[in-house]
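Below, all heavy atoms of this structure are taken into account, side chains as well, without hydrogens, waters or symmetry copies.
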Amino acid sequence: MIEGIVAAIVGAIFGVGGTFVYEKQRASSGKRKAEQALAKAQTKASEIVLKAKDEVLQLENDRRKEWKRTENRLADREVSLDKKLDEIDKRGERLRGQEDEVEKLKDEIRGIRTKQQEKLEKIAKLTKSDAADKLMQMTERDIKDDLIGLVAKLQKDASDDAEERAQMVILTAMERMSSEVTAERTVTAIKLTDDEMKGRIIGKEGRNIQSLQRATGVDILVDDTPGMIVLSSFDPVRRQVARFALEALMKDGRIHPGRIEEVVAKAEKQIEKEVIRAGEDAAREVGVTGIPREMLHLLGELKFRTSYGQNVLMHSTEMAHLAGLIAEEIGADVRTAKIATLLHDVGKAVTHKMEGKHHHIGAELARKYGMKENIVHAIEAHHDDIEATTPEAIVVRVCDALSAARPGARNISAENFVERMRDLENVAMSFDGIDKAYAISAGREIRVIVSPKHVDDLSAIKLARDIANKIESTMQYPGTIKVNVVRETRAVEFAK
């Protein structure tokens with residue numbers, strides 16, 4: 001038993017020892033291999049370094065050779081340039097010498113020519129200027145008749161060509177810009193929804209319709225046309241205010257004097273907005289910008305103005321299109337021509353507020369709001385009392401005649417009627433204490449609304465007689481004119 005254990009232990013000791021000896025021998029062999037590999041690597045690296053050094057030395061030698069060749073070429077060029085500069089200097093000296101010789105020759109020639117001229121003057125007994133004058137006189141005598149005929153022919157040809165070209169330009173512009181002609185009337189019709197609405201508009205004892213007529217200055221006819229209300233007034237602004245107010249009242253259904261005054265005030269504000277929009281739209285349609293806002297406002301007011309029955313804003317817009325076409329054909333300033341024609345009648349928007357002719361008023365307003373002088377002149381010169389001195393002013397004058405001459409564009413009798421209505425209102429407004437004056441019923445009645453603070457009942461009776469007497473003495477009219485003075489007293493108080 002013990003011998004077996006001892007044998008096992010001895011065997012184990014020999015096994016471990018053998019293993020240790022084997023591992024030691026194996027490690028010694030790996031170390032030798034590693035040292036051999038390292039030696040080979042070092043040898044190869046040394047070879048690579050030596051080869052690289054050789055290549056670098058070769059590159060440096062090549063570069064030095066190239067630099068040497070470049071240096072030689074530059075030296076050769078420098079020598080060549082020096083030679084050329086020397087040649088240029090020598091040539092410049094020769095040219096300067098030749099110039100001096102040329103100047104001497106010129107002086108000699110001038111002297112010879114002067115001596116020859118003096119000899120000729122002595123022989124002819126004439127100076128150079130006298131000889132030239134005589135030659136010109138002889139030539140003029142010989143060809144005077146031919147020149148006169150030639151000038152006359154050229155003038156005639158130019159006149160014929162100019163007239164023909166002007167006709168072609170105008171006809172081309174008219175053909176390209178053809179617009180409808182619509183005459184403005186003095187009445188506006190509004191459709192009634194039913195008879196009940198008609199009764200509301202009239203009101204108890206006619207108070208509503210009287211309040212409407214008093215607030216708007218428009219003659220309102222409810223019985224003339226079945227199912228329609230007719231608004232009659234020579235002033236289109238008043239008709240528009242009355243139309244807006246009536247449509248709003250009919251839509252709302254509440255119709256009484258207080259409500260009527262409120263709606264009429266809103267309608268007037270709406271007309272003001274429409275005026276501004278109309279001016280901006282007209283400028284946009286024509287294609288011009290930079291017009292002062294005040295001038296656009298005046299332009300918009302022309303939407304509600306007529307001239308001989310022709311809407312002034314439509315007339316101005318049509319003219320601006322024509323002016324642009326004609327100005328482009330003849331080479332004038334297109335923008336100036338368009339703006340001047342568009343604004344040529346702005347004075348008509350304030351002729352009822354300012355004294356003077358509309359083209360002078362329009363020019364003053366344009367100058368006031370900072371417009372250029374060539375535009376101001378074109379506006380002022382579109383009638384015959386001011387001479388047109390620029391092509392654009394002549395274009396404005398031509399376009400005004402073209403637009404007004406369209407068949408049916410203007411109605412002289414309508415313009416005379418409107419003028420008579422304005423004169424009638426101005427006569428009434430010339431008296432003190434008058435708040436408003438409206439010519440209605442085609443001029444057969446003048447309705448005067450007085451301020452109750454300044455005119456009492458007895459004074460109102462006297463005022464009506466004085467107005468009638470002044471109308472009789474200053475105006476010519478057919479038939480009779482009714483003077484209706486309205487005095488309304490209101491007492492207003494607030495409960496607090």
Side-chain angles (χ1 to χ4, degrees), residues 11-118 128 283-284 286-291 324-325 327-339 370-375 391-392:
I13 291 170
F14 277 109
V16 171
T19 303
F20 176 77
V21 171
Y22 173 76
E23 291 294 333
K24 188 174 181 182
Q25 289 176 352
R26 187 179 177 184
S28 176
S29 175
K31 183 176 181 182
R32 283 195 301 272
K33 289 180 180 180
E35 289 174 353
Q36 291 174 358
L38 179 62
K40 288 181 180 180
Q42 288 176 346
T43 303
K44 192 172 184 179
S46 299
E47 292 175 355
I48 292 172
V49 168
L50 290 173
K51 187 177 180 180
K53 286 182 179 179
D54 292 339
E55 291 178 355
V56 169
L57 289 173
Q58 183 65 32
L59 288 173
E60 286 182 354
N61 291 332
D62 293 341
R63 234 176 242 175
R64 285 173 183 169
K65 291 178 181 178
E66 182 66 27
W67 290 343
K68 187 66 176 176
R69 287 194 295 270
T70 304
E71 185 177 355
N72 293 333
R73 284 198 302 271
L74 291 174
D76 293 341
R77 288 185 182 179
E78 186 176 358
V79 172
S80 176
L81 288 173
D82 290 339
K83 290 180 180 179
K84 288 182 179 179
L85 288 173
D86 292 339
E87 291 178 359
I88 290 171
D89 291 338
K90 292 177 181 178
R91 187 179 296 176
E93 291 177 359
R94 288 197 300 271
L95 288 174
R96 283 193 290 272
Q98 291 175 358
E99 286 178 357
D100 294 338
E101 292 178 1
V102 169
E103 286 296 326
K104 290 178 181 178
L105 289 173
K106 285 183 179 179
D107 293 337
E108 291 177 2
I109 292 170
R110 290 193 192 98
I112 293 170
R113 189 170 60 183
T114 302
K115 291 178 181 178
Q116 289 178 345
Q117 183 176 335
E118 290 175 352
K128 181 181 178 181
R284 193 179 303 111
V286 173
V288 293
T289 57
I291 299 177
L325 297 173
E328 187 175 1
E329 288 288 335
I330 67 174
D333 190 328
V334 175
R335 184 174 184 275
T336 298
K338 279 189 173 184
I339 294 177
M371 304 204 72
K372 293 182 179 178
E373 191 59 33
N374 54 354
I375 296 176
E392 292 78 18

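The shortest non-hydrogen separation linking Ala337 to Glu392 is N-CG, 4.1 Å. Here the closest heavy-atom approach between residue Arg335 and residue Gly290 is recorded as NH2-CA, 4.0 Å.
Every residue was checked against the side chain to side chain donor-acceptor pair (under 3.5 Å) condition with Thr114, not counting sequence neighbours, and none meets it. Residues forming a side-chain contact (heavy atoms from CB on, under 4.5 Å) with Ala283 (at least two apart in sequence, or on another chain): Val288, Ile291, Leu296, Leu342. By the side-chain contact (heavy atoms from CB on, under 4.5 Å) test, Lys40 pairs with no residue at all, sequence neighbours left out.
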Compile the donor-acceptor pairs under 3.5 Å between side chains in residues 75-102 and protein atoms, sequence neighbours left out, one pair per line.
none

Distance-only criterion, 3.5 Å: show the donor-acceptor pairs between side-chain atoms of residues 104-113 and protein atoms not counting sequence neighbours.
| unit_1 | atom_1 | unit_2 | atom_2 | d |
| --- | --- | --- | --- | --- |
| Asp107 | OD1 | Arg110 | NH1 | 2.8 |

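Ile339 has its side chain within reach of Met371: a pair of non-hydrogen atoms, C-beta onward, lies under 4.5 Å apart.
One distance of note links CD of Glu373 with OG1 of Thr336; it measures 12.0 Å at 0.5 Å rounding.
Annotation: salt bridge (charged side-chain N to carboxylate O under 4.0 Å, His left out) contacts involving residues 52-66, sequence neighbours excluded, comprise Glu66-Arg69.
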